[in-house]
Amino acid sequence: MLEKTFDPKTVEPRLYERWEASGAFSPEHALARNPDAEGFSIVIPPPNVTGSLHIGHALNNTLQDVLTRFERMRGKAALWLPGTDHAGIATQMVVERQLAAEGTNISRRDMGREAFVERVWKWKAESSGTIQGQLRRLGASCDWSRERFTLDEGLSAAVRKVFVTLHKQGLIYRDKRLVNWDPQFQTAISDLEVQQKEVDGAYWHFAYPLEDGSGEVVVATTRPETMLGDTAVAVHPDDERYQAMVGKMLAHPITGRRIPVVADDYADPEKGSGAVKITPAHDFNDFQVGKRHGLEMINVMDAWARMAGPIPAEYAGMDRFDARKAIVAKMEELGLLRGIEKVRHMVPHGDRSGVVIEPYLTDQWYVDAKTLAQPAIKAVEDGRTVFEPRNWDKTYFEWMRNIEPWCVSRQLWWGHRIPAWYGPDGAVFVEESEEAARAAARARYGDDRPLTQDEDVLDTWFSSALWPFSTMGWPDETEDLKRFYPTHTLVTGFDIIFFWVARMMMTGLHFMGEVPFRRVFINALVRDASGQKMSKSKGNVMDPLGLIDQYGADALRFTLTAMSGQARDIKLSEQRIEGYRNFGTKLWNAARFCQMNECVRDETFDPAQAKETLNRWIRGETVKTARAVTQGLEACAFDDVANALYRFIWNVFCDWYLELAKPILNGDDEAAKAETRATAAWVLDQCLKLLHPVMPFLTEELWDKTASFGRARDGMLITADWPALPDAWVDPEAEAEIGWLIALIGEVRSIRSEMNVPPSARAPLAVVGAQAATRERLASHRDLILTMGRLSDLREAEAAPAGAVPFVVGEATGALSIAEFIDFAAERARLTKEIGALNGEIDKAARKLSNPDFVARAPEEVIEENRERLAEAEAAKAKLEQALGRLEAVA
RNA sequence: GGGCGGAUAGCUCAGCGGUAGAGCGUCUCGUUUACACCGAGAGGGUCGGGGGUUCGAUCCCCUCUCCGCCCACCA
């Protein structure tokens with residue numbers, strides 16, 4: 001006999017081991033059975049190798065697993081390729097922090113490159129494996145034999161090959177221009193790694209005197225410290241106020257440098273004074289203006305963002321923000337400060353370091369993204385790759401059509417070192433290996449010269465961009481590439497459409513000549529129950545492992561699947577997970593019922609031959625469910641899939657089929673009994689199969705257990721055949737008949753309850769179907785109805801006088817008359833409604849008060865108001881509840 | 001400034017031309033040999049405001065208000 005409930009804790013690890021040992025996770029398993037099996041592949045968005053599973057991963061990987069398991073059951077050679085990312089800047093940062101925390105005062109620079117990188121590898125060795133273990137807990141059916149890491153030798157070779165090829169094609173080049181410089185990490189970062197944050201600042205209005213003393217120009221700036229690098233002031237060519245000044249020279253108030261007034265469209269006559277100072281080495285717009293006018297580019301900061309270069313000695317070495325104050329003070333002292341205007345404005349920050357980013361003039365490597373983007377744009381326009389939900393392609397297009405060169409070099413040590421070597425004369429040799437670079441150098445110089453390799457590494461997203469083909473063995477022409485590229489579906493979050501999806505499209509098309517995936521499913525962002533983004537600082541993170549411990553992996557998986565529709569956000573509440581845990585238990589108990597009633601699988605049983613109305617009906621319902629689930633999975637309509645399964649298993653199979661089957665199973669008609677047993681067992685099997693992709697553990701366990709009290713199975717559920725049921729099995733006649741019965745019984749129950757007929761009151765009639773035709777129809781289903789709990793009352797139906805009113809209530813059952821009962825019901829309804837509304841108030845106020853953002857932003861009196869409202873609502877609710885209690889007591 | 005979402009029951013959401021739905025919560029009733037992680041039932045909504053199209057609008061169009069996100073820019 002089955003236990004009363006399913007115990008995930010003991011079962012899950014056992015089953016996972018069995019799956020893994022069976023080889024079912026590898027596509028070879030399917031190919032062994034059918035060498036012509038169609039390929040199906042998904043590559044995992046590689047998590048940080050040293051990371052651990054958060055709820056977003058749980059969602060993302062659940063959906064990938066659902067798809068993989070589904071296609072595997074459909075007989076495809078299904079590959080879900082796992083792996084991890086070295087996560088350059090993030091990982092290096094962690095290790096640097098560790099160094100700092102050790103208190104030995106040894107920085108990475110003190111250690112030297114080799115020792116530091118070794119240290120990072122050590123940390124990687126210690127902390128890797130965590131997330132793989134956690135994915136196993138989730139039930140992820142990845143092919144671990146193909147696991148990859150972005151710094152593996154194979155993937156590194158792919159990186160070098162791509163870099164060298166693009167360089168030879170002129171699509172990677174070295175250039176001196178402004179980059180986003182992170183002064184804390186001492187590295188360039190890409191546009192995408194910059195986050196604009198609104199901060200308090202000011203416009204300082206400064207007067208720049210004309211060299212000849214004939215006047216002045218007023219300019220405004222939010223960054224006074226950069227004025228040391230000014231090399232011009234620009235005005236709009238059509239701005240009449242400044243016509244006479246164009247071409248004249250100004251005397252820089254602090255450096256004394258002579259700088260010209262230039263005419264340029266960039267200056268907006270509407271803004272400020274209409275004149276703008278130009279600092280080409282410290283502002284992206286000014287850089288362009290500087291190029292147009294051939295202005296000198298004066299760098300006045302060093303890599304730490306301290307003042308440096310050709311500047312007055314008093315500022316040298318000063319921190320940029322101290323310099324800002326000093327410059328403002330100086331201008332005031334000179335009598336040239338014309339005003340200060342407080343503003344809140346956007347300032348760029350590093351997404352990892354959190355410090356203010358400086359536009360900084362350096363040499364970096366760039367990818368010509370504009371060129372690579374064209375085929376990638378076309379592929380989505382042509383539908384060779386589709387986004388799901390569709391609208392995300394707009395986001396993709398928007399970015400791709402306005403793409404800027406991608407800065408791929410990073411002044412870090414953890415990552416793929418750039419395969420470029422420099423000769424003594426500065427000539428660069430970009431080759432896949434040092435030997436090849438030497439050979440190239442020899443060809444140029446005629447003899448061996450010392451070469452030094454570029455110190456920089458590549459942006460971590462450079463190797464991720466190759467993931468769909470590098471993991472399959474490229475540049476070799478492997479079997480895997482032939483069978484599994486392009487991949488079928490990419491499941492990922494919208495936050496990395498630019499970072500990752502777009503770049504995979506570019507490299508995939510360029511190097512493979514084909515899109516890397518046919519479909520991109522953008523999964524939602526998981527938020528907490530009140531819609532807040534989960535974050536450690538808010539303390540509202542939900543740990544997927546904890547949830548798995550408590551409710552089982554299946555319950556978590558079902559919840560995440562059920563909430564993955566077209567929505568962009570998922571508000572995850574623990575209550576919901578509990579509800580789906582209960583759903584699993586419900587199915588478990590249905591199996592238990594089948595076991596108790598000897599509903600054993602009968603291989604000779606053909607559902608097409610079922611005779612009983614009830615069995616013909618459930619057969620059709622099963623077909624419809626299989627169809628809905630299959631279509632839902634094909635379309636990534638995960639919420640529909642979960643809902644169809646939930647409804648069918650709970651509300652159709654358990655609530656109606658098994659209930660209506662009871663009288664047959666307890667009756668004397670042996671043929672009907674045998675048919676019903678076989679049908680019940682068959683439907684249960686279909687449920688297990690259809691539910692398996694979403695709830696693999698519970699279904700696999702039941703598959704095993706039902707075999708133990710029935711006949712042996714051919715194999716595990718994970719490789720069982722997906723139900724492909726003929727539409728002809730839907731029987732409209734049976735559907736109509738059982739549908740009618742269900743509706744009638746519902747009505748009977750509802751009226752009994754409304755009239756307060758106690759279930760124990762058997763003799764007083766519940767209901768009488770009055771029309772002769774109705775009675776006749778009812779009589780034909782008497783066997784099904786009689787044991788429907790208290791509905792045995794229906795026996796009396798036949799005795800009712802013909803032509804009576806449709807429903808008749810029997811004798812009064814308590815102190816209340818019908819009229820009193822109605823009044824009572826009305827009053828009770830009113831009170832419960834009010835209590836409901838107050839509950840809402842209480843919820844709302846309580847949430848506001850516990851929301852850190854609200855508390856931080858709202859004025860004290862608003863917070864107080866909410867506190868009062870909460871107290872008032874609670875008091876009112878208590879009062880109403882008392883009144884309700886009194887009312888009940890009277891009744 | 002550009003773009004994308006959203007506003008439907010107390011809460012979380014589905015529906016998207018034809019009598020307003022689900023889950024949870026609330027309330028009532030129920031120890032029925034599958035299941036209290038259960039069963040039966042009830043209450044609860046001018047489908048954000050205003051216009052328009054239509055025989056008919058929660059749904060389509062316009063507009064306003066409020067919330068969320070992304071991109072860009074602000075001397």
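Small disclaimer: the values here were computed from a predicted structure and weren't measured. Scope of the values below: all heavy atoms of this structure, side chains included, with no hydrogens, waters or symmetry mates. In what follows, every chain begins at residue 1, and chains take the letters A, B, ... in the order their sequences are listed.
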* Return the value, rounded to whole Å, for the distance between atom CG of A:Leu665 and atom P of B:rU32. => 21 Å
* Please state whether the phosphate of B:rA34, meaning OP1 or OP2, lies under 4.0 angstrom from any side-chain nitrogen or oxygen of A:Lys662. => yes
* Structure fact -> A:Ile357 CD1 to B:rA72 P, in whole Å, measures 14 Å
* Asked: CG of A:Asn402 versus P of B:rC73: gap in Å, rounded?
  -> 11 Å
* Asked: So what does A:Asn285 touch, heavy atoms closer than 4.0 Å: a base, only the sugar-phosphate, or nothing?
  -> sugar-phosphate
* **Sidechain N-carboxylate O distance under 4.0 Å for A:Asp7, A:Lys9** => no
* Determine the stems involving RNA chain B; a stem requires 3 or more consecutive pairs of the Watson-Crick or G-U wobble kind, each with both distances below 3.5 Å, and the answer is none if no such run exists. => B:1-7 with B:65-71, B:10-13 with B:21-24, B:26-30 with B:38-42, B:48-52 with B:60-64
* Structure fact -> Separation of B:rG3 atom C1' from A:Phe494 atom CZ, nearest Å, is 14 Å
Pull out every protein N or O sitting under 3.5 Å from an N or O of nucleotides 36-38 of chain B, one pair per line with the distance.
from	atom 1	to	atom 2	distance (Å)
B:rC37	O4'	A:Asn582	OD1	3.1
B:rC37	O2	A:Arg581	NE	2.8
B:rC37	O2	A:Asn582	OD1	3.1
B:rC37	O2	A:Thr585	OG1	2.7
B:rC38	OP1	A:Asn582	ND2	3.2
B:rC38	O3'	A:Lys586	NZ	3.2

* Asked: In whole angstrom, what separates A:Met596's CE from B:rA34's C1'?
  -> 6 Å
* Structure fact -> The nucleotide from B:rC4, B:rA22, B:rU12 with an atom nearest the side chain of A:Met563 is B:rU12
* **Side-chain ion pair, A:Glu398 and A:Arg401, N-O less than 4.0 Å** => no
* Sequence neighbours excluded, which residues qualify as ring pair (Phe, Tyr, Trp, His ring centres under 6.0 Å) partners of A:Phe697? -> A:Trp19
* Asked: Nearest-Å distance, CG (A:Asn651) to P (B:rG39)?
  -> 9 Å
* Among B:rA34, B:rG25, B:rA22, the one nearest A:Leu658 by side-chain distance -> B:rA34
* Mapping A:Gly274 and A:Asp191 onto RNA chain B by nearest heavy atom, which one lands closer to the 5' end? -> A:Asp191
* Less than 4.0 Å between a side-chain N and a carboxylate O, is that true for A:Arg292 and A:Asp264? -> yes
* Rounding to a whole Å, what distance do you find between A:His345:NE2 and B:rC74:P? -> 11 Å
* What does A:Gln575 touch in the nucleic acid at a heavy-atom separation under 4.0 angstrom: a base, only the sugar-phosphate, or nothing? -> sugar-phosphate
* For the residue pair A:Phe498 and A:Trp399, does the interplanar ring angle fall in the parallel (under 30°), tilted (30 to 60°) or perpendicular (over 60°) class? -> parallel
* To do: Could you tell me the separation between the CG atom of A:Leu702 and the P atom of B:rC35, rounded to a whole number of Å?
  => 16 Å
* Mind checking A:Ala562 for me? I need base, sugar-phosphate or nothing, with any heavy atom below 4.0 Å counting as a touch. => nothing
* **SB check A:Arg338 A:Glu216 (cutoff 4.0 Å)** => yes
